[in-house]
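Indexing begins at 1, ligand by ligand and atom by atom, following the structure's order. These numbers come from the heavy atoms of this one structure, side chains and all, not from hydrogens, waters or symmetry mates.
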Amino acid sequence: MDTSKPPILIIYTGGTIGMIENPETGALENFDMEQFRNLVPELKRFTFQIDSITFHPPIDSSDMEPKYWIKIARIIHENYWKYGGFVVLHGTDTMAYTASALSFMLENLGKPVIITGSQLPIGQLRTDGKENLLTSIEIAADHDEEGRPMVPEVCIFFENRLMRGNRTTKINSEGFNAFRSFNLPPLATAGIHIKYATHLIRRPAPGEAFHPHYLLDTSVIILTLFPGIRREFVETILHIEGLKAVILKTYGSGNAPQKPWLIEKLRELDERGVILVNITQCSEGTVEMRRYGTGLQLLQAGVVNGYDCTMEGMVTKLMFLLGHDYPKARIVELMNTSIAGEVTVAP
Ligand code: ASP
């Protein structure tokens with residue numbers, strides 16, 4: 001055993017990577033970590049120690065909930081000093097939400113947390129799971145000459161790209177290259193060599209300790225605009241008791257139809273203390289509400305800029321900030337700040 005490299009902990013939550021076809025129904029069902037290790041004998045070829053913790057039962061990531069994010073964060077917290085890095089095996093469907101949530105919950109993270117999965121189960125001949133798993137382990141254990149982890153961030157590794165977790169989105173339900181980070185280049189690419197974009201990689205603030213957070217408030221909705229959107233439907237949604245934040249998915253650079261009732265409703269919500277955030281329906285680019293009158297009207301109604309944040313990043317950022325029960329002014333201030341590298345804002 002090579003003791004120059006720290007041990008790695010695999011946290012197996014479920015997903016296609018660990019599924020097998022039920023011969024009677026044809027449906028994919030989960031199997032356990034022991035079966036998993038038998039299907040990946042390559043794991044024995046790593047010269048450092050690899051331990052694992054399994055969710056019982058493993059879950060399809062469509063069943064992901066904030067309570068499971070808390071569970072993953074706790075496992076990382078409890079094992080933080082024992083391991084040099086963590087690999088989280090997860091279904092692809094909600095992987096970008098989990099990666100985003102963990103990026104906020106694991107403040108001042110000093111170790112790699114690499115989330116991966118696959119499109120084909122690891123037991124199938126053409127699986128993409130083996131390569132994703134083996135490269136993720138390698139990245140989680142990789143250190144520079146001074147012994148510092150190469151990527152002390154929450155990332156998603158898929159196919160050949162390592163991406164900042166809170167910048168990724170699942171874009172393909174079929175292909176092996178299922179994730180993209182449209183507004184930030186990959187943190188590393190894996191070919192013959194693993195090439196790190198070191199200038200993009202975040203490092204913990206010097207002298208600050210790792211600080212996990214477990215408070216999340218889910219009083220958030222997403223309202224996607226479309227031509228013909230009906231007033232009575234929007235008003236019903238925006239009247240819901242307990243609503244604390246609305247993510248508006250707008251057109252282009254952050255534009256909305258010029259409907260007086262919509263702007264009036266938004267202004268009223270803003271005055272009631274509801275946080276309104278603008279993100280774009282475009283995959284790439286950012287929100288600039290001053291660019292057109294159709295964006296400016298939102299700014300004037302109290303809508304906050306979500307910049308180039310992904311939907312997954314914004315949902316989880318709001319859950320995280322609302323969970324802290326900050327006053328609205330503080331939340332607005334933090335919405336205009338990159339707290340875990342999730343948005344590109346001018347310093
Ligand atoms: N439904 C599966 C999941 O997200 C899909 C996958 O893992 O690719 O758990």
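The side chain to side chain contact (heavy atoms under 4.5 Å, CB included) check on Leu269 picks up Leu238, Arg272, Val274, Leu276, with sequence neighbours excluded. When the side-chain hydrogen bond (donor to acceptor under 3.5 Å, both in side chains) test is applied to Asp308, the partners found at least two apart in sequence or on another chain are Arg167, Thr344.
Side-chain N/O atoms of Asp144 and Tyr196 include no donor and acceptor closer than 3.5 Å. Under the 3.5 Å distance criterion, with hydrogens and angles disregarded, no donor-acceptor pair is assigned to the side chains of Tyr68 and Asp63. A donor and an acceptor atom, one from each side chain of Arg180 and Asn172, are nowhere located under 3.5 Å apart.
Through side-chain heavy atoms spaced under 4.5 Å, either directly or across other Ile, Leu, Val, Met, Phe, Trp or Tyr residues, Ile192 is tied to no other residue.
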Are any protein N/O atoms closer than 3.5 Å to the N/O atoms of ligand 1? If there are, list each pair with names and the distance to one decimal place.
| from | atom 1 | to | atom 2 | distance (Å) |
| --- | --- | --- | --- | --- |
| ligand 1 | 1 (N) | Asp60 | OD1 | 3.1 |
| ligand 1 | 1 (N) | Asp60 | OD2 | 3.0 |
| ligand 1 | 1 (N) | Asp93 | OD2 | 2.9 |
| ligand 1 | 4 (O) | Ser61 | OG | 2.5 |
| ligand 1 | 4 (O) | Thr92 | N | 3.2 |
| ligand 1 | 4 (O) | Asp93 | N | 2.9 |
| ligand 1 | 4 (O) | Asp93 | OD2 | 3.4 |
| ligand 1 | 7 (O) | Thr16 | N | 2.9 |
| ligand 1 | 7 (O) | Thr16 | OG1 | 3.0 |
| ligand 1 | 7 (O) | Thr92 | N | 3.0 |
| ligand 1 | 8 (O) | Thr16 | OG1 | 3.1 |
| ligand 1 | 8 (O) | Thr92 | OG1 | 2.4 |
| ligand 1 | 8 (O) | Ser118 | O | 3.4 |
| ligand 1 | 9 (O) | Asp60 | OD1 | 3.2 |
| ligand 1 | 9 (O) | Ser61 | N | 2.7 |
| ligand 1 | 9 (O) | Ser61 | OG | 3.4 |

